[in-house]
Amino acid sequence: MLTIREIRRLESVPKRRDWIANKKHDKNRPDPEIPVFVPTHDLKPHLVEKISISFARKRADAAVL
């Protein structure tokens, strides 16, 4: 299995007043996948560096005598 995680950075973080309560969050049944607060504007993260994936070539098996 191969897992690739992107490393992203925000140029600016929303101020306290730029967050609102998430209507999808249910405080009686919290779900870790649903945030309690969401930003009023898109966060616009960008990659810190380019992603490069390379696989080692398989060696040819030695001849069996």
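Keep in mind it's a predicted model, so treat the numbers as computed, not measured.
- Around CG of Asp26, the count of heavy atoms belonging to other residues, nucleotides or ligands within 6.0 Å exceeds 12.
- The backbone N or O of Asp18 lies less than 3.5 Å from a partner atom in the side chain of Thr40, making a donor-acceptor pair.
- Leu43 and Val38 fall into different hydrophobic clusters, defined by Ile, Leu, Val, Met, Phe, Trp and Tyr side-chain heavy atoms under 4.5 Å apart, directly or through other members.
- Scanning all heavy atoms of the two residues, the minimum distance from Asn28 to Pro30 falls at C-CD, 3.6 Å.
- When side chains are defined from C-beta on, Glu11 does not count as touching Lys44, because their heavy atoms never get closer than 4.5 Å.
- The two residues Val48 and Arg9 have their closest heavy-atom pair at CG2-CB, 3.8 Å.
- Remark: side-chain polar atoms of Asn22 are paired, donor with acceptor, to backbone N or O of Lys24 under 3.5 angstrom.
- One finds the CG atom of Asp31 at 9.5 Å from the NE2 atom of His25 (value rounded to the nearest 0.5 Å).
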